[in-house]
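Some notes on the structure that comes next.
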Amino acid sequence: MLDKVLTIASFANEVVEYFDNYDAKFAESEIWFDYTRDGKVIAKEYFDNNCHRIPSTVGLWIRHTCHPSAIRTCLVFLSAIEALCFTQVTQFINRDTGSTAIVSIGIKPSIAQVMQLKTIFPNAKFDLAFGNDMMSSILDCTVALWLAGKEARFKLMESGICIRYGHSQQLVESTKLSLSSFQKMFGIRSSFRTCKPPRNYTAFREMLLKGLPV
């Protein structure tokens with residue numbers, strides 16, 4: 001039996017309507033998402049039934065309905081398509097009060113994007129929705145530190161991940177790294193959280209293909 005693949009038909013009509021016209025263009029055979037900076041479109045994410053291209057850019061794709069200062073939660077993804085999958089499998093539309101922004105920062109996040117997010121949404125708490133694999137865990141730690149105005153270095157080694165933060169250095173097994181374990185390891189306190197699918201899935205798109213709710 002062939003594995004199911006994500007297609008435009010995978011998305012419910014209410015999800016399409018929720019995102020349509022918020023720098024997103026839904027057509028019968030393709031979807032485009034505009035990534036902007038300073039009001040200008042500088043990159044696009046593209047999806048059709050055979051292809052998904054996620055940009056590496058300093059721009060942001062953003063969906064929100066109220067004034068940026070009224071946003072209380074900012075959900076941050078690596079792709080707009082993953083944000084759509086999250087919205088569908090968690091039935092997020094039913095509990096959205098309008099005070100949440102949904103953002104994609106693309107395949108290669110940068111400090112510039114994170115600083116821009118903090119400027120756009122000054123009163124928001126940030127939930128990082130990067131998935132469940134090793135690189136997602138590294139990005140959780142990296143982006144959370146950027147949001148706090150700090151940095152760390154991560155180096156992949158045969159024995160695990162070597163982390164240098166400030167004057168300290170730690171070696172952790174790759175399967176045991178998480179934002180929570182990282183913060184405990186180095187005595188860091190923050191309000192940043194992660195938003196992840198169950199552990200047996202690496203991404204929300206996998207859950208959507210299985211037809212499973214969170």
Side-chain angles (χ1 to χ4, degrees), residues 11-26 31-41 43 45 54 57-106 109-132 136 139-150 178-180 183 188-198 203-205 207-208 212-214:
F11 299 110
N13 288 336
E14 63 177 359
V15 172
V16 172
E17 292 171 1
Y18 182 77
F19 286 99
D20 197 16
N21 295 321
Y22 289 94
D23 284 338
K25 300 176 180 64
F26 292 81
I31 311 173
W32 292 92
F33 302 92
D34 292 339
Y35 286 67
T36 63
R37 186 173 180 85
D38 299 327
K40 297 180 180 178
V41 178
E45 180 176 338
I54 308 170
T57 176
V58 294
L60 300 167
W61 170 76
I62 299 175
R63 192 266 182 211
H64 68 93
T65 57
C66 64
H67 191 276
S69 64
I71 294 295
R72 294 295 177 261
T73 302
C74 182
L75 285 164
V76 187
F77 296 84
L78 296 179
S79 80
I81 286 294
E82 180 69 357
L84 267 66
C85 294
F86 161 84
T87 301
Q88 184 153 323
V89 299
T90 63
Q91 300 180 342
F92 177 76
I93 294 172
N94 296 332
R95 51 192 172 88
D96 180 18
T97 62
S99 62
T100 298
I102 298 178
V103 175
S104 172
I105 53 180
S110 67
I111 295 178
Q113 289 172 299
V114 171
M115 292 300 100
Q116 186 182 10
L117 273 181
K118 288 187 66 177
T119 300
I120 296 172
F121 303 117
N123 301 314
K125 290 185 177 180
F126 293 88
D127 290 359
L128 309 178
F130 298 152
N132 265 333
S136 297
L139 282 174
D140 288 336
C141 302
T142 301
V143 173
L145 284 174
W146 287 346
L147 285 165
K150 302 174 182 178
S178 67
L179 178 58
S180 176
Q183 291 173 333
I188 300 171
R189 288 188 175 186
S190 77
S191 61
F192 308 123
R193 302 170 296 189
T194 58
C195 176
K196 294 182 178 293
F204 289 106
R205 66 187 297 156
M207 296 188 67
L208 180 55
L212 298 174
V214 170

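Any value given below was found using the heavy atoms of this structure, including those in side chains, with hydrogens, waters and symmetry copies removed. Worth saying up front: this structure is predicted, and the values here are computed from it rather than measured.
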Verdict with supporting geometry, F126 and V143, side-chain contact (heavy atoms from CB on, under 4.5 Å): CA-CA 10 Å; F126 293 88; V143 173; over 6 Å; no
Go through it in stages, so that I can follow the logic: the residues are F92 and L75, the test is side-chain contact (heavy atoms from CB on, under 4.5 Å), and I'd like the CA-CA distance, side-chain angles, deciding distance and then a yes or no. CA-CA 11 Å; F92 177 76; L75 285 164; 4.3 Å; yes
Please lay out, stage by stage, how F192 and D140 fare under the test side-chain contact (heavy atoms from CB on, under 4.5 Å). CA-CA 9 Å; F192 308 123; D140 288 336; over 6 Å; no
What verdict does the side-chain contact (heavy atoms from CB on, under 4.5 Å) test give for D23 and I62, after you've listed the backbone C-alpha separation in whole Å, the side-chain angles of each residue and the deciding distance to 0.1 Å? CA-CA 7 Å; D23 284 338; I62 299 175; 5.7 Å; no
Would S180 and S178 count as a side-chain hydrogen bond (donor to acceptor under 3.5 Å, both in side chains) if you check the C-alpha gap in whole Å, the side-chain angles of each, and the deciding distance to 0.1 Å? CA-CA 5 Å; S180 176; S178 67; 4.9 Å; no
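Across every non-hydrogen atom of F86 and C195, the tightest pair is CE1-SG, 3.5 Å. Nearest heavy atom pair, residue Q116 against residue V58, reads OE1-O, 3.7 Å. T57 and Q113 get closest at one heavy-atom pair: O-NE2, 2.9 Å. In this structure, G59 and Y35 approach most closely via the heavy-atom pair O-CD2, 3.8 Å. M207 and P198 make their closest contact through SD-CD, 3.3 Å (heavy atoms, listed as atom of the first residue, atom of the second, distance). A pairwise comparison of heavy atoms in K196 and N132 identifies CD-OD1, 3.2 Å as the closest pair.
Taking OG1 of T73 as the start and NZ of K125 as the end, the distance is 8.0 Å to the nearest 0.5 Å. Taking OG1 from T97 and CZ from R72, the interatomic distance works out to 10.0 Å, rounded to the nearest 0.5 Å. Note: N123 CG to S99 OG = 11.5 Å, rounded to the nearest 0.5 Å. To the nearest 0.5 Å, atom CG of residue L179 and atom OG of residue S190 are 5.5 Å apart. Put simply, CD1 on I102 and NE2 on H64 are 11.5 Å apart, with the number rounded to the nearest 0.5 Å. Separating the NZ atom in K118 from the CE atom in M115 is a distance of 5.0 Å, to the nearest 0.5 Å.
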Considering only distance and modelled atom types, tabulate donor-acceptor pairs under 3.5 Å from the side chains of residues 77-85, sequence neighbours left out.
{"unit_1": "S79", "atom_1": "OG", "unit_2": "E82", "atom_2": "N", "d": "3.0"}
{"unit_1": "E82", "atom_1": "OE1", "unit_2": "R205", "atom_2": "N", "d": "3.3"}
{"unit_1": "E82", "atom_1": "OE2", "unit_2": "F204", "atom_2": "N", "d": "2.6"}

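For the side chain to side chain contact (heavy atoms under 4.5 Å, CB included) test with L60, the passing option among T36, L117, V76 is L117; the others fail. The side chain to side chain contact (heavy atoms under 4.5 Å, CB included) test with K25 is passed by exactly one of I31, D20, D34: D34. Applying side chain to side chain contact (heavy atoms under 4.5 Å, CB included) to I120 and the options P68, C74, S69 leaves one that passes, P68.
At a threshold of 4.5 Å between non-hydrogen side-chain atoms, the residues P109 and T142 do not count as touching. Between L139 and L128 the shortest side-chain heavy-atom distance does not fall below 4.5 Å. In this structure, the side chains of C66 and I71 come closer than 4.5 Å at one or more pairs of heavy atoms.
Heavy-atom neighbours of R189 CZ from other residues, nucleotides or ligands within 6.0 Å: at or below the threshold of 12. Annotation: N94, atom CG; neighbour count of heavy atoms from other residues, nucleotides and ligands within 6.0 Å is above 12.
Side chain of R63 to backbone of Y18: a donor-acceptor contact under 3.5 angstrom is found.
Taking the six-membered ring where the residue is Trp, W61 and F33 present perpendicular rings, their angle passing 60° and hence far from 30°.
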